[in-house]
Amino acid sequence: MAKYIFVTGGVSSSLGKGIIAASVAKLLQARGFAVTIQKLDPYINIDPGTLNPYEHGECYVTEDGAETDLDLGHYERFLNIKTSQANNITTGRIYQHVIQKEREGAYLGKTVQVVPHITDEIKNYIKSLDAGHDIVITEIGGTVGDIESLPYIEAIRQLRWEMGKDNCIVLHLTLIPYLSAAKELKTKPTQHSVKELLGFGIQPDILVCRTEHSLDSSIRRKLGLFCNLDAQSVIEARDADSIYDVPLLMLKEKLDTNIIGKLRLVDRQEPDLTRWKSFLGRLKNPLQEIKIGLVGKYIELQDAYKSILEALTHAGATNEVKVRIIPIQSASITKENVSQTLSEVAGIIVAPGFGERGIEGKIIAIQYAREEHLPFLGICLGMQCAVVEFARNVLNLSGAASTEMSADTAYPVIKMMEEQQHIRQKGGTMRLGAFDCELNPNSRSFAIYNQRKHISERHRHRYELNPDFVQPLDTAGMIAAGVNPQNNLVEIVEIPSHRWFVGVQFHPEYKSTVENPHPLFVDFVKECSR
Ligand code: GLN
């Protein structure tokens, strides 16, 4: 049976529960334990696939095609493991399942209630990751005291009671604010948040305290006294330069040995963080700095393109280059300002997306990159825009477009996939998850992927390069460098005469990890730093 660690949050949202959970997991993994992480989200959407990035940041996609919370991206990047639908459950999914069972008559005439039916369902989902793991870490979204997270807190209380404290611990992440007027760190909000947890029957086993200043021993003792904890179980989590520093900061605080002791695990080895540290070494000692433009419509939101930013960080470290990302609002790009806007960047990425806003700006930026031999990586919608641009300005197909933006264009170079045309429901119905791609041996991508003919990448889209235009594009100099072997869908386009011009229908960013940086990003950054 696996041991369980629950991660709850108090005082404030955005404290970085996902990063703390991933860091704990990393340390335990480095000690030789098989670890996985799960996120329970208290909202009623079945998954975040239908959420606007303004609401919830990036939607992360797993191999099995689940549209999930962006924290799963952190889990994969930190642990170098693959997650799946089972790693992200929402209240919506739990209720959907319970209601479906009720309709089937599975409750045999009983009244269906939050306790025990919803809480049982939560417990089943938590335990579904048991097999094959020594430790399951479960992060509870939201902040303790939120109405919507109550059933989760109750489920944890029950699990602790059933499994015993040696098998199941609660790590509570909280904030210790610094009042500059008083020049003091304040513990009261944390005391209240722990009281709130106690009110629900849960004594946290470890407090992890986000803070801008160091916690001295007297503050740790005070927090311990008010929260029933020994001072060693009050852990300081100072703001770090990089999220990738956090596992080492937690190691310094001995969080891993503390957990191992509390869970009565037999320690296996000193943590092996060799690859992690060598990544950090390269991340922190760049030989040069480059600027890369990220052209998109949600650029003011840090979280909207999370996986792309992290993939660039991995690729930068691999090349010993600091990548400074210059966010560029696509809607503000015009023919007049494009050369000025892109004058300082060494290359551009055109981001994924949906809908009309900012499309023409993306196309103008791509035309500039193509004509001026600026390295270009187009991802999903970014690739589709590159095809539209090439069709309009090289094939001279005036008004060429994607039918997503312009349903009655004379030249639908990007069109809705056949299999999508009869779908009416929005949630979970895109082409999602991992699909095979066969690379053209004469392409740049083939070389970039280390001469592998068969690759697999993750997807999230409804539109595709219209097969009728593959030949004309090829003749004019834009080749299909990768296609899906089952249905011939074009997965990669390239312009061989260009310095570095690659558009991908898939999302390479989802698969880049600290220990396996994605080759497309690595090669793109390498070219940009030349
Ligand atoms: N909107 C485009 C499609 O559905 C691109 C999607 C994306 O960029 N993820 O095909």
Side-chain angles (χ1 to χ4, degrees), residues 47-54 56-63 65-68 70 73 294-299 301 303-309 311 330-331 348-363 365-366 376-389 391 400-407 409 412-435 437 457-467 469 482-484 487 489-493 502-512 518 520:
D47 61 45
T50 51
L51 287 172
N52 186 311
Y54 284 114
H56 209 63
E58 170 188 274
C59 173
Y60 185 78
V61 179
T62 56
E63 288 285 297
E67 296 180 285
T68 70
L70 55 79
L294 176 60
V295 181
K297 64 174 175 178
Y298 299 112
I299 44 110
L301 265 187
D303 281 351
Y305 304 115
K306 194 89 204 166
S307 294
I308 294 178
L309 304 186
S330 49
I348 59 167
I349 292 183
V350 176
F354 297 83
E356 175 106 60
R357 178 163 72 93
I359 280 293
E360 293 306 319
K362 286 184 174 172
I363 293 171
I366 295 168
F376 163 81
L377 173 60
I379 301 177
C380 208
L381 182 62
M383 170 267 198
Q384 297 175 354
C385 289
V387 172
V388 170
E389 189 280 318
S402 162
T403 55
E404 182 182 359
M405 325 303 160
S406 151
T409 165
V413 288
I414 304 292
K415 69 168 181 63
M416 189 179 270
M417 283 177 273
E418 199 66 41
E419 68 199 49
Q420 287 285 328
Q421 286 178 8
H422 308 291
I423 294 175
R424 293 290 163 263
Q425 285 218 7
K426 294 276 185 246
T429 56
M430 281 188 246
R431 179 174 183 247
L432 288 166
F435 291 96
C437 171
E457 293 282 0
R458 298 185 201 167
H459 298 71
R460 183 172 189 247
H461 64 118
R462 294 188 201 278
Y463 293 80
E464 64 169 335
L465 200 167
N466 185 341
F469 290 90
V483 294
N484 177 290
N487 60 11
L489 184 146
V490 175
E491 299 280 19
I492 311 179
V493 295
V502 180
V504 290
Q505 183 59 76
F506 50 78
H507 291 261
E509 69 275 21
Y510 292 145
K511 280 180 74 170
S512 187
H518 196 287
L520 272 173

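Both ligands and their constituent atoms are indexed starting at 1 by order of listing. Quantities reported herein were computed from a predicted structural model and do not represent experimental measurements.
For atom 10 (O) of ligand 1, the closest non-hydrogen atom of the protein is Tyr463 N, 2.9 Å. Ranking the protein heavy atoms by distance from atom 4 (O) of ligand 1 puts Arg462 N, 3.0 Å first. At the top of the distance list for atom 5 (C) of ligand 1, counting protein heavy atoms only, stands Gly353 O, 3.3 Å.
Under the 4.5 Å side-chain criterion, counting only non-hydrogen atoms from C-beta, Val413 is not in contact with Ser402.
In terms of polar-atom proximity, Leu381 is counted as a contact of ligand 1, with an N or O under 3.5 Å from an N or O of the ligand. Considering backbone and side-chain N/O atoms, Gln505 never comes within less than 3.5 Å of an N/O atom of ligand 1. Backbone and side-chain nitrogen or oxygen atoms of Pro352 are examined, and none is located within less than 3.5 angstrom of a nitrogen or oxygen of ligand 1.
If you number the atoms of ligand 1 from 1 as listed, the ones under 4.0 Å from a heavy atom of Glu404 come out as 1 (N), 2 (C), 3 (C). Those atoms of ligand 1 with a heavy atom of Cys380 less than 4.0 angstrom away are 5 (C), 6 (C), 7 (C), 8 (O), 9 (N). For ligand 1, the atoms sitting less than 4.0 Å from at least one non-hydrogen atom of Arg460 are 6 (C), 7 (C), 9 (N), numbered in the order shown with element in parentheses.
Between His56 and Pro48, the shortest heavy-atom distance links the atoms CD2-CB, 4.2 Å. Taking each heavy atom of Pro508 and His518 in turn, the nearest pair found is O-CD2, 3.3 Å.
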- side chain to side chain donor-acceptor pair (under 3.5 Å) between His461 and Arg431, worked out: CA-CA 5 Å; His461 64 118; Arg431 179 174 183 247; 3.0 Å; yes
- Go through the steps for Cys385 and Ile359 under the test side-chain contact (heavy atoms from CB on, under 4.5 Å), then give the verdict. CA-CA 8 Å; Cys385 289; Ile359 280 293; 3.8 Å; yes
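The side chain of Gln384, and not its backbone, has at least one atom closer than 4.0 Å to an atom of ligand 1 (non-hydrogen atoms only; side chain from C-beta on).
Using a distance-only test at 3.5 Å, with no hydrogens or angles considered, a donor-acceptor pair links the side chain of Gln421 to the main chain of Met416.
Ring planes of Tyr298 and Tyr54: perpendicular class, angle over 60° (limits at 30 and 60°).
Taking a 4.0 Å cut-off on heavy atoms, His507 registers as neighbouring ligand 1.
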